[in-house]
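Below is one structure, written out as structure tokens, with a few remarks after it.
Computation of the quantities below employed the complete heavy-atom set of this structure, encompassing side-chain atoms and omitting hydrogens, waters and symmetry-equivalent molecules.
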Amino acid sequence: MADLLSTTDKAFFATVMGDIFDTFKREIVVHKEPQKVVSNVNVDGYHGYGESSNTQNVSYIPVSKSFFAMISYKDDQKSDSDVDTGIEFSKGRVRIKVEQEARDYMVNGKTEKVDIDGKSFKLVTDDSLKNYFGTKYYVFFLEVEN
């Protein structure tokens with residue numbers, strides 16, 4: 001069976017897809033689970049001597065990284081309300097298309113949130129591969145965090 005596109009055509013379209021990504025990409029920040037650091041493991045308490053009896057020996061270091069993505073907000077942004085409280089909350093959804101490095105960072109370990117345009121979103125789907133003649137992008141759907 002013959003190909004409709006030559007190897008040269010496929011290479012051209014792959015380059016065009018890269019140019020489209022570069023033209024419309026915007027920065028996102030992916031936040032991972034913070035790193036837990038335990039300091040001073042052997043803490044002896046001297047209660048009643050002016051020192052706090054609850055010594056803080058655990059701290060958390062934020063872990064995040066910036067990437068570029070093509071961002072597409074869904075047209076049917078809507079609000080839902082909680083039946084019990086009547087409080088409305090946004091169900092805004094967004095689709096992002098990222099390159100391999102961002103995809104690997106997002107799927108390895110726990111991704112807590114993704115910051116886009118000053119709002120925080122949570123992942124609601126796994127990634128799906130979009131292969132444009134060898135140029136690969138990964139699509140995730142996210143939902144606004146409340």
Side-chain angles (χ1 to χ4, degrees), residues 1-45 52-146:
M1 188 166 151
D3 275 343
L4 293 175
L5 300 173
S6 68
T7 304
T8 306
D9 291 337
K10 290 178 183 178
F12 171 74
F13 286 124
T15 303
V16 169
M17 288 308 300
D19 291 344
I20 290 171
F21 184 85
D22 288 340
T23 300
F24 294 104
K25 69 183 179 184
R26 299 200 329 247
E27 188 175 46
I28 64 171
V29 179
V30 180
H31 297 273
K32 302 299 279 184
E33 189 172 37
Q35 182 180 10
K36 184 178 184 180
V37 178
V38 179
S39 60
N40 200 5
V41 175
N42 194 6
V43 177
D44 293 326
S52 173
S53 63
N54 293 330
T55 311
Q56 295 295 332
N57 60 351
V58 177
S59 60
Y60 295 92
I61 299 173
V63 178
S64 64
K65 195 169 180 181
S66 296
F67 295 99
F68 288 108
M70 285 181 58
I71 302 162
S72 176
Y73 289 95
K74 301 269 293 170
D75 289 336
D76 60 345
Q77 302 290 315
K78 62 182 176 183
S79 294
D80 284 340
S81 61
D82 186 346
V83 176
D84 296 330
T85 63
I87 297 174
E88 287 201 6
F89 56 93
S90 176
K91 292 286 284 184
R93 291 191 102 175
V94 65
R95 176 184 156 203
I96 61 171
K97 190 181 291 185
V98 297
E99 295 175 304
Q100 179 80 45
E101 182 185 0
R103 178 249 176 224
D104 292 345
Y105 187 78
M106 292 172 75
V107 300
N108 293 323
K110 181 180 178 187
T111 298
E112 290 197 335
K113 67 179 181 175
V114 179
D115 290 341
I116 303 170
D117 297 334
K119 294 181 182 177
S120 293
F121 294 85
K122 62 182 176 182
L123 290 174
V124 293
T125 64
D126 292 333
D127 62 308
S128 65
L129 173 64
K130 302 295 180 188
N131 189 346
Y132 302 102
F133 304 108
T135 303
K136 296 179 181 178
Y137 296 100
Y138 299 87
V139 174
F140 292 90
F141 284 90
L142 299 94
E143 195 171 85
V144 71
E145 255 187 359
N146 293 323

Roughly how far, to the nearest 0.5 Å, is the [atom2] atom of [Y] from the [atom1] atom of [X]?
X      : Y      : atom1 : atom2 : value
Ile71  : Ile28  : CD1   : CD1   : 6.5 Å
His31  : Ser120 : NE2   : OG    : 6.5 Å
Asp126 : Met106 : CG    : CE    : 10.5 Å
Phe141 : Ile96  : CZ    : CD1   : 10.5 Å

Seminar exercise, completed: Residue set satisfying ring pair (Phe, Tyr, Trp, His ring centres under 6.0 Å) with Phe121, at least two apart, ordered chain then number -> none
Exercise. Ser66: what forms a side chain to side chain contact (heavy atoms under 4.5 Å, CB included) with it, not counting sequence neighbours?
Worked result: Glu27, Val29
Problem set entry | Results of side chain to side chain contact (heavy atoms under 4.5 Å, CB included) for Ser72 - residues two or more places apart only | Arg95
Please report the closest heavy-atom contact between [X] and [Y], naming both atoms and the distance.
X      : Y      : result
Val30  : Phe67  : CG2-CD1, 3.9 Å
Phe68  : Val98  : O-CG1, 4.1 Å
Glu145 : Glu112 : OE2-O, 3.5 Å

For this session: Please report the C-alpha distance between Leu5 and Phe13 in whole Å, then the side-chain angles of each, then the deciding distance to 0.1 Å, and finally whether the side-chain contact (heavy atoms from CB on, under 4.5 Å) criterion is met.
Result: CA-CA 10 Å; Leu5 300 173; Phe13 286 124; 4.0 Å; yes
All N/O donor-acceptor pairs, side-chain side in residues 128-136, below 3.5 Å, sequence neighbours left out:
| unit_1 | atom_1 | unit_2 | atom_2 | d |
| --- | --- | --- | --- | --- |
| Asn131 | OD1 | Gly134 | N | 2.8 |
| Tyr132 | OH | Lys97 | NZ | 3.1 |
| Thr135 | OG1 | Ala14 | O | 3.4 |

Exercise. In terms of side-chain heavy atoms, does Ser64 have a donor or acceptor partner in Lys32 at a distance below 3.5 Å?
Worked result: no
Heavy-atom distance under 4.5 Å between the side chains of [X] and [Y], does that happen here?
X      : Y     : result
Phe140 : Val94 : no
Lys36  : Val58 : yes
Ile61  : Val37 : yes

For this session: Applying salt bridge (charged side-chain N to carboxylate O under 4.0 Å, His left out), name anything that partners Lys10, two or more places apart in sequence or on another chain.
Result: Asp3
Exercise. According to the side chain to side chain donor-acceptor pair (under 3.5 Å) rule, which pairs have a member within residues 98-110, sequence neighbours left out?
Worked result: Lys65-Glu101, Gln100-Asp104, Gln100-Tyr138, Arg103-Asp127
Seminar exercise, completed: Residue set satisfying side-chain hydrogen bond (donor to acceptor under 3.5 Å, both in side chains) with Asp9, at least two apart, ordered chain then number -> Ser6
For this session: Could you tell me which residues satisfy side-chain hydrogen bond (donor to acceptor under 3.5 Å, both in side chains) with Lys113, sequence neighbours excluded, listed by chain and number?
Result: none
Could you go through residues 18-26 and list every donor-acceptor pair under 3.5 Å that involves a side-chain atom there, pairing it with any protein atom two or more places apart or in another chain?
| unit_1 | atom_1 | unit_2 | atom_2 | d |
| --- | --- | --- | --- | --- |
| Thr23 | OG1 | Asp19 | O | 2.7 |
| Arg26 | NH2 | Asp117 | OD1 | 3.1 |
| Arg26 | NH2 | Asp117 | OD2 | 2.5 |

